[in-house]
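Positions are given from 1, in the same order as the sequence printed here.
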Amino acid sequence: INHQPSTINHQPSTINHQLQLQHNVVLRKEVMFNHVKAVSISVLAAAILTGCGGGTSDCTDSDVKDTVVSIITNEVQKARWGQELFSKGLVDDLEVTRIKTTDYDEKLDRYTCAATFSFTFKGKEQSKDIQYVNSYLEEEGETEVAVYGADDVKTRMMALGMTMGR
């Protein structure tokens with residue numbers, strides 16, 4: 001299995017709300033939505049946040065948490081059933097909670113984070129533990145966020161969808 005990261009470029013100053021879908025080689029998909037350009041490839045999901053100051057955003061940064069939610073949402077919505085769960089309003093209230101910084105490498109300016117990804121399915125609260133890593137991309141002056149556990153959340157949502165939460 002190729003564990004290539006997905007990337008998201010967060011551009012807060014842009015007010016572009018168009019949806020655009022393109023396919024490239026190696027199952028690469030790009031989607032433009034709500035200020036975020038996403039490129040999804042496989043199991044590991046990653047994102048790039050454009051920041052004002054230098055250095056990596058920490059685990060509790062609101063842009064980082066929003067990006068983690070966007071990455072997981074994109075991973076789930078790759079599947080037709082995932083799109084249906086969201087379009088029918090069965091999945092709601094997605095958030096990153098119980099955030100812990102498990103490691104900070106000052107030399108690499110990299111945070112390793114553990115958290116709980118929470119959501120509701122048909123009004124019933126659900127959660128799954130995830131991990132993410134925030135690294136600083138020096139040349140770009142951006143924070144890259146890599147999410148581990150998006151497939152576990154996707155599997156949980158699929159099971160809930162198949163059983164309708166029973």
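Two residues are said to be in side-chain contact when any heavy atoms from C-beta on lie closer than 4.5 Å; V76 and W81 meet this criterion. When side chains are defined from C-beta on, E142 does not count as touching E144, because their heavy atoms never get closer than 4.5 Å. Side-chain contact between F119 and I72: absent, with no pair of heavy atoms (C-beta onward) separated by less than 4.5 Å. You'll find the side chain of V96 reaches within 4.5 Å of the side chain of V69, heavy atoms only. The side-chain heavy atoms of V68 and V145, taken from C-beta on, include a pair separated by under 4.5 Å.
Within the structure, ring-ring contact (aromatic ring centres under 6.0 Å, His included) contacts touching residues 89-111 (residues at least two apart or in different chains) are Y104-Y111. Screening residues 79-121 for disulfide (SG to SG under 2.5 Å) gives C59-C113 as the qualifying pairs, with residues at least two apart or on separate chains.
Scanning for side-chain contact (heavy atoms from CB on, under 4.5 Å) contacts around S118 gives E95, T97, T116, S127, with sequence neighbours left out. T112 is linked by a side-chain contact (heavy atoms from CB on, under 4.5 Å) to T102, D103, V133, counting only residues two or more places apart in sequence or in another chain. Applying the side-chain contact (heavy atoms from CB on, under 4.5 Å) criterion to K128, with sequence neighbours excluded, gives D152, V153, R156. For the side-chain contact (heavy atoms from CB on, under 4.5 Å) test, residues two or more places apart in sequence or in another chain that qualify with K88 are E84, L90.
Note: M158 CE to T163 OG1 = 10.5 Å, rounded to the nearest 0.5 Å. Rounding to the nearest 0.5 Å gives a distance of 8.5 Å between CD1 of I130 and CD1 of I99. Distance CD/Q126 to CG/L94: 11.5 Å, rounded to 0.5 Å.
Minimum heavy-atom separation, M164 to F121: C-CE2, 3.6 Å. Scanning all heavy atoms of the two residues, the minimum distance from T60 to K65 falls at O-CE, 3.6 Å. Scanning both residues, T67 and D63, for their nearest heavy atoms gives OG1-O, 2.7 Å.
Transitive grouping of hydrophobic side chains (ILVMFWY, heavy atoms separated by less than 4.5 Å) keeps Y136 and L108 in distinct clusters.
When atom types are taken as modelled, the side chain of Q77 and the backbone of Q83 share no donor-acceptor pair closer than 3.5 angstrom. Side chain of S135 to backbone of R110: no donor-acceptor contact under 3.5 angstrom is found.
Residues T143 and N134 have side chains that never bring a donor and an acceptor to within less than 3.5 angstrom of each other.
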Worksheet entry | Residue pair Y132, V64: steps toward the side-chain contact (heavy atoms from CB on, under 4.5 Å) verdict | CA-CA 10 Å; Y132 52 100; V64 170; 3.6 Å; yes
